[in-house]
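Reviewing the structure listed below.
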Protein chains: 2
Amino acid sequence: MTEEEIGKTNKFDCILASARKLIEQEGFSSFTMDKLANNAGIAKGTIYLYFKDKNDVLENVLKSGFQTMFNRMTSKVEKKETPEEKIKTLIYENLFYISENKYFFKTVFLDEMHVVFLKKTSQESYNLRRRKYAVFISEIIIKGIDEGIFKNLLDPLKVGFYLISLIKTNAIYNFRNNKVEFNEDLIKSETAEIFDIFIDGIKN
Amino acid sequence: MTEEEIGKTNKFDCILASARKLIEQEGFSSFTMDKLANNAGIAKGTIYLYFKDKNDVLENVLKSGFQTMFNRMTSKVEKKETPEEKIKTLIYENLFYISENKYFFKTVFLDEMHVVFLKKTSQESYNLRRRKYAVFISEIIIKGIDEGIFKNLLDPLKVGFYLISLIKTNAIYNFRNNKVEFNEDLIKSETAEIFDIFIDGIKN
DNA sequence: TTGACTTATGACTATAAAGTCATTATAATA
DNA sequence: TATTATAATGACTTTATAGTCATAAGTCAA
């Protein structure tokens, strides 16, 4: 996984890509700086020229993954008009991104909690990102409540977290049942299912 | 945390209780066998007379916590008649148990994933317990579908996992907002909220 | 070409914590 | 009480891996 192989121009990104690949392959618990150096085709000391410590590497891996997803998702969602369309798009884009980065999320979700390996400060920034996402959803919910579409007594932020957890649960369920090869049809039907339950519940 | 202090007759339970207490206080990541020995008021070697290794301790801590909750919850749920009553009771009992063991679950949920510290085999048994819970819920869902109460096209097992994730998300949300002191009224209103969303969705 | 500066190296150090085992204490039995 | 069996001890060994730093290689301006 040298710079040419990975198609990255700078070492920072090259190391990050190697780290991500390693985590995808072996999970967080067996991720070591020696393996990373080896995998990136550089010496261990070099990593410390670009990253403060191991925690810094892990934090950046998680951060970059989330950032891309969030930016793509929000830009798609903002094009939609109604709260319901927004929510459907949000679910779809999230599942789509997960499917595009399935090996990464398979580890992140199934290994469920990498976060323990982070320092308290990094855990906080991880939680802030989650919260940012929930806040984004809550704004859609609030608009829906104002328009009389959604129930009035809801705590919009909490509802945001509910939706995130449904999406995550769906992905984990499919990973566990080895539906790693999401195709567009599967993503669409899963989107419809989550949307349906979230909006209308399970009642007939 | 000697045997008298903890009110346990045998060392196995005494060690387990100490381990649990330590985990509640400091989380999984800083849990060490030295601390455990110290906290239990025994020598480190003694732990190894009752547990195979550290993994065995952690596995038993998680197992015993889940087992009690599951047994209590199922016995209450089985007394109810309709699928809807069953689901409401299930949510309530789960939240109630969490509130009774708040410091434990605060760590287990917020530290979200302890599981990484377990061996592959223990991770599997952890997942089996989660699955067992989801299967239990799925049986209620199936009954509801048969009776025409719930939507027909649902994957009942997946729906089971959805409900578990909603309950967990609710607990985490309240922990994060420092609502550690659940009283019965709060549990009731949270139960109603989850039930309402799960059954009817967020639509007005 | 030389010297100054930047980047990279990897053997080495430091440390934390799991797990061991010869020794000692306690309990049971004759 | 003496003898044997069982339980407990904690100093010690082992292992894993994060992080360091003296040395070497590469780059570039004068």
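To find a chain, count down the sequence lines: A is the first, B the second, and so on, and within it residues start at 1.
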Mutual orientation of the aromatic rings belonging to A/Phe12 and A/Phe51 [parallel < 30°, tilted 30-60°, perpendicular > 60°]: parallel
Round to the nearest Å and state the distance from [X] atom [atom1] to [N] atom [atom2].
| X | N | atom1 | atom2 | answer |
| --- | --- | --- | --- | --- |
| B/Asn10 | D/dA8 | CG | C1' | 16 Å |
| A/Leu36 | D/dA16 | CG | C1' | 17 Å |
| B/Phe12 | D/dA7 | CZ | P | 15 Å |
| B/Leu49 | C/dT26 | CG | P | 16 Å |
| B/Ile42 | C/dT26 | CD1 | C1' | 16 Å |
| A/Ile47 | D/dT17 | CD1 | P | 14 Å |
| A/Asn38 | C/dT9 | CG | C1' | 14 Å |
| A/Lys11 | C/dT9 | NZ | C1' | 11 Å |

No-hydrogen, no-angle side-chain donor-acceptor test under 3.5 Å, B/Tyr50 and B/Asp56: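 On atom types as modelled, these side chains do not qualify, holding no pair under 3.5 Å.
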Residues B/Asn101 and B/Arg20: side-chain donor-acceptor under 3.5 angstrom: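 There is such a pair (donor and acceptor under 3.5 Å, judged by atom type) between the side chains of B/Asn101 and B/Arg20.
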Atom NZ of A/Lys143: over 12 foreign heavy atoms under 6.0 Å: yes
Presence of salt bridge, B/Glu81 and B/Lys86, under 4.0 angstrom: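 Salt bridge absent between B/Lys86 and B/Glu81.
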Quiz item: cation-pi between A/Arg72 and A/Tyr97, 6.0 Å / 45°: no
What protein N or O atoms touch nucleotides 14-18 of chain C N or O atoms at under 3.5 angstrom, if any, and at what distances?
| from | atom 1 | to | atom 2 | distance (Å) |
| --- | --- | --- | --- | --- |
| C/dA18 | OP1 | B/Lys54 | NZ | 2.8 |
| C/dA18 | OP2 | B/Met33 | N | 2.8 |
| C/dA18 | N7 | B/Lys44 | NZ | 3.2 |

Sugar-phosphate only, base, or nothing, as touched by B/Tyr50 at under 4.0 Å among non-hydrogen atoms: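 Counting heavy atoms under 4.0 Å across all strands, the contact made by B/Tyr50 is with sugar-phosphate only.
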